[in-house]
Amino acid sequence: MFPPEVAADSPLLQHLNPEQRAAVTLPNEHALILAGAGSGKTRVLTTRIAWLLATGQIGPGNVLAVTFTNKAAKEMMTRLQAMLPVNVRGMWIGTFHGLCNRFLRAHYKLAALPQSFQILDTQDQLSAIKRLMKQHNVDEERFPAKETQWYIAGAKEEGLRPNMMETRTEEDRRKAEIYQLYEEQCQREGVVDFAELMLRSYEVLRDIDPIREHYRRRFHHILIDEFQDTNKLQYAWIKMFAGSGNSVFAVGDDDQSIYAFRGARVGNMADFVREFDVRHQIKLEQNYRSFSNILDSANALIAHNKTRLGKNLRTDQGPGEPVRVYEAPTDMAEAQWMVEEIRQLVRDGTPRHEVAVLYRSNAQSRVIETSLFNAAVPYRVYGGLRFFERAEIKHALSYLRLLENPHDDTSFLRVVNFPARGIGARSVEQLQDAARAASCSLHDAVHATTGKAGANLAAFVQKIDAMRAETEGLTLREIIEVMLQRSGLVDHYKAERDGGDRIENLEELVNAAESFVTQEGFGRDAVALPVDELGTTLRQSPASQGLDPSLPEINEPSPDYVPPDAETGETLSPLAAFLTHAALESGDNQAQAGQDAVQLMTVHAAKGLEFDCVFVTGLEEGLFPSERSLADYDGLEEERRLMYVAITRARQRLYLSYSQTRLLHGQTRYNVKSRFFDELPEAALKWLTPKNQNFGGSAFGFGMGYPSSRPSGYSGGYGKGDTFASPPVPQQKATPDHGLRPGMQVFHAKFGEGTVLTLEGSGMDARAQINFPRHGQKWLALSVAKLTPVP
DNA sequence: CTCCCCATTTTTTTT
DNA sequence: AAATGGGGAG
């Protein structure tokens with residue numbers, strides 16, 4: 001082991017600025033790195049690990065690195081792998097939940113879980129709660145299942161068990177009681193929810209001294225990404241690992257804390273500094289992403305927040321282009337303008353995937369999609385259903401889970417009558433009664449049922465059991481293929497009108513399993529890693545750690561590798577491992593990846609990403625900031641941070657737009673521009689409206705003058721014979737009877753000749769937006785204004 | 001058991 | 001406007 005100074009010129013440190021280098025080479029003490037947007041946060045984190053390994057200070061087994069998302073974990077491993085010939089697979093790098101899963105599999109006995117416990121995702125949890133409440137006659141009016149779910153998850157994230165819940169009112173007592181029953185049900189069925197993964201691990205660490213001590217001896221360095229997003233339980237969990245002699249390296253940005261609504265506590269940063277007596281705080285303020293007009297806007301905006309640790313981004317890049325601001329009369333016009341702008345960007349050479357359209361809420365994507373679609377601009381929407389959350393996939397997974405564990409009642413109920421096999425609510429109810437009476441699983445209770453219903457149930461159970469026998473010893477791929485056929489899922493979807501997509505997804509499931517087997521090494525050459533007395537994997541002896549080039553190359557990092565049982569060497573079946581993988585990593589959102597497409601997503605989803613050109617849309621009071629956040633001050637500050645995140649996504653060009661009116665919940669809402677505009681530096685902005693409209697020459701305003709491929713022009717619906725059937729095509733109202741069309745020349749007594757831009761409303765409410773060359777753009781009520789068409 | 005109609009409800013999301 | 005969920009009818 002050599003002192004850090006010796007390696008000060010290490011190639012690892014070459015491309016780091018002084019602050020980054022300082023962070024990477026910090027001594028073994030607790031540290032907080034305040035990493036602004038685009039300041040090279042991931043790079044510092046990964047290089048820190050590489051540095052610790054390369055200088056021989058520690059071995060791969062001594063690192064615990066935690067992230068929130070699988071994507072971040074994977075990226076960390078891939079980058080680390082690129083820096084050092086180290087086996088990242090044996091290292092504890094992963095998501096909070098992934099690592100907890102690994103921990104619980106290793107210590108499943110101490111955690112009082114079956115080795116092959118399965119994980120309930122949010123959907124599963126909700127249906128488990130509904131089932132439980134029904135069974136115990138809980139009034140769903142008084143205790144909606146969703147709220148109960150929220151209550152339970154919230155409690156667990158605070159580290160609270162049912163007996164620790166507040167029971168001052170009758171209602172509190174009832175809720176705690178339901179929570180208790182839920183816990184018992186999960187335990188009985190051998191399943192855990194996401195929060196339980198964390199809480200259970202935490203409790204094992206807290207209560208079992210040798211385990212805690214073992215891990216404390218082992219993990220010399222604990223690194224946490226996105227620390228500002230940790231909740232109370234996650235922070236407590238980290239504290240369990242941080243014994244004397246260990247150092248916690250927390251990286252975060254309080255200005256990018258946008259998940260308070262789901263329990264994240266920015267306060268953890270201050271608590272960490274206080275409780276760990278953190279002496280090393282490093283701010284990474286050098287931004288490598290954006291030009292200064294963009295950064296100045298971000299800085300000026302976020303300066304309006306009162307509760308900040310304080311940080312200001314700077315860049316060496318010049319001012320760059322101004323931030324462009326656009327005001328549209330309607331949400332459709334906003335979208336139309338944006339599409340035109342995007343087409344121009346693409347013509348000027350910007351790749352489409354470098355253009356992002358951000359919005360506050362998912363509902364806003366529809367109008368934008370329509371415009372993009374009508375203009376035939378390829379786009380990709382992030383968000384919505386993920387692969388493993390699709391109904392047909394969940395059904396398939398339920399069958400697979402029943403093969404693995406027949407007592408998984410959630411899965412049992414999901415597929416007992418899917419595809420339909422004559423087992424209705426009544427039969428299921430009877431079965432549930434029988435199961436409760438005998439306090440056994442639904443599967444085991446089937447014997448007790450009688451009659452025609454009983455026969456159907458028996459046939460179902462028999463089918464599952466036969467399937468289990470039949471798939472014995474088969475590969476994962478074969479198991480899934482057999483299941484798809486025997487369950488009747490494929491036949492069912494084949495018979496369905498538009499079941500084609502679903503069949504495709506089911507086939508995709510086979511592929512997913514196949515690549516899972518290859519990646520995880522669950523196939524032929526699965527090698528059990530050596531295991532120490534406590535069941536944790538030890539990669540190599542300390543002497544050989546770190547730089548051994550003879551280590552085998554690993555093709556793909558594996559975020560959810562689980563060690564085999566310490567005593568028996570028993571390891572998870574590929575099937576059980578795959579099911580865990582499916583629950584922990586719900587898969588990509590939408591297919592059609594690879595295509596060069598404009599990226600549409602919420603601001604939340606954009607966190608951590610960057611693009612050459614970014615459109616932030618719908619910047620209106622009530623929408624962004626959202627009206628639900630305006631009630632309290634913290635809410636507004638979080639919205640502002642959200643806006644900060646949005647702005648800092650842009651590298652070169654940033655557009656901010658809003659609309660005077662917007663169709664929301666089927667009603668036109670009139671909005672004022674967002675207060676955030678008042679918080680941006682005027683010098684960095686360029687208003688495209690109203691002063692600077694580009695109507696000259698073409699005589700067409702926004703949206704007009706469409707390419708000949710789409711003759712219908714703006715207000716798309718006026719075009720007849722629309723052949724673009726599938727994606728979202730909004731319903732357009734019938735042509736109003738005032739006889740005006742966008743693009744028409746009209747004459748007004750006072751304003752003279754002008755061009756009709758937009759038409760709104762009908763009958764007495766009909767309005768037109770008209771551009772008069774000498775008077776600018778006007779909105780006129782058609783019932784009042786006297787307009788004559790100019791031939 | 002299935003189908004259809006009516007009523008309700010709309011932030012943000014990862015694991 | 002649209003999607004979801006529950007209840008009632010066939």
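Quick note on labels: first sequence line is chain A, next is B, and so on, each numbered from 1.
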### Message
Working note: A:L431 + A:V446, criterion side-chain contact (heavy atoms from CB on, under 4.5 Å); need CA distance, chi angles, decisive distance, verdict.
### Response
CA-CA 7 Å; A:L431 180 65; A:V446 164; 3.8 Å; yes
### Task
Just call it for A:A420: base, sugar-phosphate, or nothing, with non-hydrogen atoms closer than 4.0 Å on any strand.
sugar-phosphate
### Query
Could you give the CG-to-C1' distance, from A:L120 to B:dT15, as a whole number of Å?
12 Å
### Task
Report which part of the nucleic acid A:N417 touches: base, sugar-phosphate, or nothing (heavy-atom distance under 4.0 Å, all strands).
sugar-phosphate
#### Entry: Those residues that, when tested against A:K673, pass side-chain contact (heavy atoms from CB on, under 4.5 Å) (two or more places apart)
A:Y658, A:F677, A:D678, A:W687
### Query
Whole Å only: how far is the CZ atom of A:R102 from the P atom of B:dT15?
16 Å
#### Entry: Gap in Å between the two P atoms, one belonging to C:dG5 and one to B:dT12, rounded
16 Å
### Query
According to the salt bridge (charged side-chain N to carboxylate O under 4.0 Å, His left out) rule, which pairs have a member within residues 146-157 of chain A, sequence neighbours left out?
A:K156-A:E183, A:K156-A:D193, A:K156-A:E196
### Length of the CD-P vector between A:Q234 and B:dT15, whole Å
12 Å
### Ring center gap for A:F676 and A:H304 short of 6.0 angstrom
no
### Summary
Quick note, A:R366 side chain, CB onward, closest among C:dG6, C:dA3, B:dT15 is C:dA3
### Message
Under 3.5 Å, is there a donor on one side chain and an acceptor on the other for A:T410 and A:D124?
### Response
no
### Summary
Once base and sugar-phosphate atoms are separated, protein heavy atoms under 4.0 Å mark nucleotides 7-13 of chain B, 5' to 3', with B, S and - as ---BBBB
### Query
Between the side chains of A:E638 and A:Y259, is a donor N or O closer than 3.5 angstrom to an acceptor N or O?
no
### Query
How many Å lie between CD on A:Q123 and P on C:dG5, as a whole number?
10 Å
### Query
Taking atom P of B:dT15 as reference, at what distance in whole Å does atom CG of A:N231 sit?
14 Å
